[in-house]
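Source: prediction; values computed, not measured.
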Amino acid sequence: MTEPAQSPRREPDPAVVDAGDGDGKGIYWVLKNVVVGPPVRRIFRPNVVGAENIPETGAAIIASNHLSYSDWIFMPLVLRRRVTFVAKSDYFTGAGIKGRFQRGFFKGTGQVPIDRSGGSASEGAMRAGMKVLERGELFGIYPEGTRSHDGRLYKGRTGVARLALEAKVPVIPCGVIGTDVVAPPGKIVASFASPTVKFGEPLDFSRYEGMESDRLILRAVTDEIMYKIMELSGQEYLDMYATKAKALEGRAVTGTPEKVRKSDT
């Protein structure tokens, strides 16, 4: 008799090291309510506007502008629910005491590790986001894809639109103000100013159901999200990807000729 054929073993997703599975909720609660949250609230006194727009339960995407590394501290701090973001997998693989502390901190604060090498970062973030949303949780995303280097709001990547349409969840626009004063690039803390976090009304894109492969629809949805973020943050909007703007600025300083990438068009 021949042995029955076995189904091939499914290899781990190379882009998504771990989707979190809700791990670290106890650590998150301790960090937010005992260790980190109280002193940060007391020192910086962050302001929140529109917190009532965050649903008490159920999945939703929170799409925010990105001015500082501290955005992912202040925005979740003003909410009762945990918000999950994506982070470099390097933060979860360190060795020794420092590595264990770093791994526990990032998992506890709701970060999902993805491998950003090999050009699969965007797909990894999509798959990680879907897993978070399927658990009925909040997933935080920065549509610009990187921090603004000059305080302006840049063109959004369409991944946020595709995720919203595929997961069939609302998008809550968010505008953070003043975090670039608190912690500008290259500084851990530069000022004890009070940042403000504003949440807009949930955006419903159910009218586009089944159109997540239409590039024009994805661009229209993304632009609508970015417009709402602009209204909340009060930033000047530039219809260019932040990565391209940053590269152009660097070339202007060094005198290097511009190389236009297909992804920047």
Side-chain angles (χ1 to χ4, degrees), residues 50 53-54 59-69 71-72 75 83-87 112 114 116 119-130 132-133 138-177 179-180 185 197-209 211-249 260-265:
N53 290 317
I54 305 296
I61 296 169
I62 300 181
S64 176
N65 60 330
H66 198 13
L67 295 172
S68 165
Y69 82 89
D71 295 338
W72 66 266
M75 190 256 273
V83 184
T84 298
F85 297 88
V86 293
V112 171
I114 62 167
R116 299 189 181 209
S120 60
S122 60
E123 287 301 318
M126 281 287 295
R127 288 190 288 273
M130 282 296 295
V132 172
L133 295 169
L138 299 176
F139 184 69
I141 190 170
Y142 300 112
E144 292 168 278
T146 186
R147 284 180 290 179
S148 172
H149 64 289
D150 59 7
R152 292 187 288 186
L153 184 68
Y154 286 90
K155 186 176 182 178
R157 303 282 179 175
T158 58
V160 61
R162 186 153 65 96
L163 184 60
L165 297 186
E166 290 186 3
K168 299 179 176 61
V169 299
V171 177
I172 301 166
C174 173
V176 293
I177 303 169
T179 53
D180 54 335
V197 183
K198 295 183 177 180
F199 298 100
E201 295 183 359
L203 302 175
D204 179 10
F205 297 109
S206 58
R207 62 190 182 278
Y208 298 123
E209 184 174 344
M211 301 183 188
E212 57 270 13
S213 297
D214 189 318
R215 293 179 60 187
L216 294 179
I217 293 295
L218 294 180
R219 173 45 56 194
V221 169
T222 304
D223 288 346
E224 182 176 342
I225 293 169
M226 298 309 294
Y227 182 79
K228 293 297 183 180
I229 293 174
M230 180 188 69
E231 287 187 320
L232 293 166
S233 68
Q235 291 168 276
E236 177 188 351
Y237 178 77
L238 188 63
D239 191 28
M240 177 188 294
Y241 291 122
T243 50
K244 181 178 181 181
K246 197 179 298 185
L248 288 174
E249 185 174 295
V260 179
R261 298 179 304 169
K262 185 178 180 181
S263 62
D264 287 332
T265 59

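- With rounding to the nearest 0.5 angstrom, the CG atom of L218 is 11.0 Å from the CZ atom of F205.
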Would you check, one step at a time, whether the test side chain to side chain contact (heavy atoms under 4.5 Å, CB included) holds for M226 with E144? CA-CA 9 Å; M226 298 309 294; E144 292 168 278; 3.9 Å; yes
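- Taking each heavy atom of V83 and G140 in turn, the nearest pair found is CG1-N, 3.6 Å.
- Note that the CG atom of L238 and the CE atom of M230 stand 12.0 Å from one another [nearest 0.5 Å].
- At a threshold of 4.5 Å between non-hydrogen side-chain atoms, the residues V176 and S64 count as touching.
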Quick one: do V171 and L163 satisfy side chain to side chain contact (heavy atoms under 4.5 Å, CB included)? Show the steps, please. CA-CA 10 Å; V171 177; L163 184 60; over 6 Å; no
Would D214 and Y208 count as a side chain to side chain contact (heavy atoms under 4.5 Å, CB included) here? Give the steps. CA-CA 10 Å; D214 189 318; Y208 298 123; over 6 Å; no
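- D180 places no side-chain N or O within donor-acceptor distance of the main-chain N or O of L67, the cut-off being under 3.5 Å.
- Pairing each heavy atom of L232 with each of P173, the nearest pair is CD1-O, 3.4 Å.
- Partner Y154 forms a side-chain contact (heavy atoms from CB on, under 4.5 Å) with one of H66, Q235, H149, K244 and no other, that one being H149.
- Nearest heavy atom pair, residue M130 against residue A167, reads SD-CB, 3.7 Å.
- In terms of heavy atoms, I172 sits closest to A60 at CD1-CB, 4.0 Å.
- The environment of R215 atom CZ is sparse: at most 12 non-hydrogen atoms of other residues, nucleotides or ligands sit within 6.0 angstrom.
- The two residues V86 and A128 come nearest to each other via the heavy atoms CG1-CB, 4.2 Å.
- Annotation for E201: atom CD does not count as buried by contact number, only 12 or fewer foreign heavy atoms lying within 6.0 Å.
- Of the listed residues (Y69, Y142, W72), just one forms a ring pair (Phe, Tyr, Trp, His ring centres under 6.0 Å) with F85, and that residue is Y142.
- Ion pairing of E249 with R152 is absent here, as no side-chain N (NZ or NE/NH1/NH2) approaches a carboxylate O to less than 4.0 Å.
- For the atom pair NZ of K168 and CD of E166, the computed distance is 8.5 Å after rounding to the nearest 0.5 Å.
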Under the criterion side chain to side chain contact (heavy atoms under 4.5 Å, CB included), I'd like the reasoning laid out for L153 against S148: C-alpha separation, chi angles, the key distance, then a yes or no. CA-CA 7 Å; L153 184 68; S148 172; over 6 Å; no
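- I225 CD1 to I141 CD1: the interatomic distance, rounded to the nearest 0.5 Å, is 8.5 Å.
- Rounding to the nearest 0.5 Å places CD of E224 at 5.5 Å from CG of L203.
- Using a 3.5 Å distance cut-off with no hydrogens or angles, the side chains of T179 and R147 do not pair a donor with an acceptor.
- With D71 contributing its side chain and S68 its backbone, the two residues share a donor-acceptor pair below 3.5 Å.
- Listed by chain and number, the residues in a ring pair (Phe, Tyr, Trp, His ring centres under 6.0 Å) with F139 amount to none (sequence neighbours excluded).
- At a threshold of 4.5 Å between non-hydrogen side-chain atoms, the residues L165 and I217 count as touching.
- Closest of all the heavy-atom pairs between I229 and A63 is CD1-O, 3.5 Å.
- Partners of I177 according to the side-chain contact (heavy atoms from CB on, under 4.5 Å) rule, which considers only residues two or more places apart in sequence or in another chain, are T196, K198.
- Annotation: the span from T146 atom OG1 to R157 atom CZ amounts to 9.5 Å, rounded to 0.5 Å.
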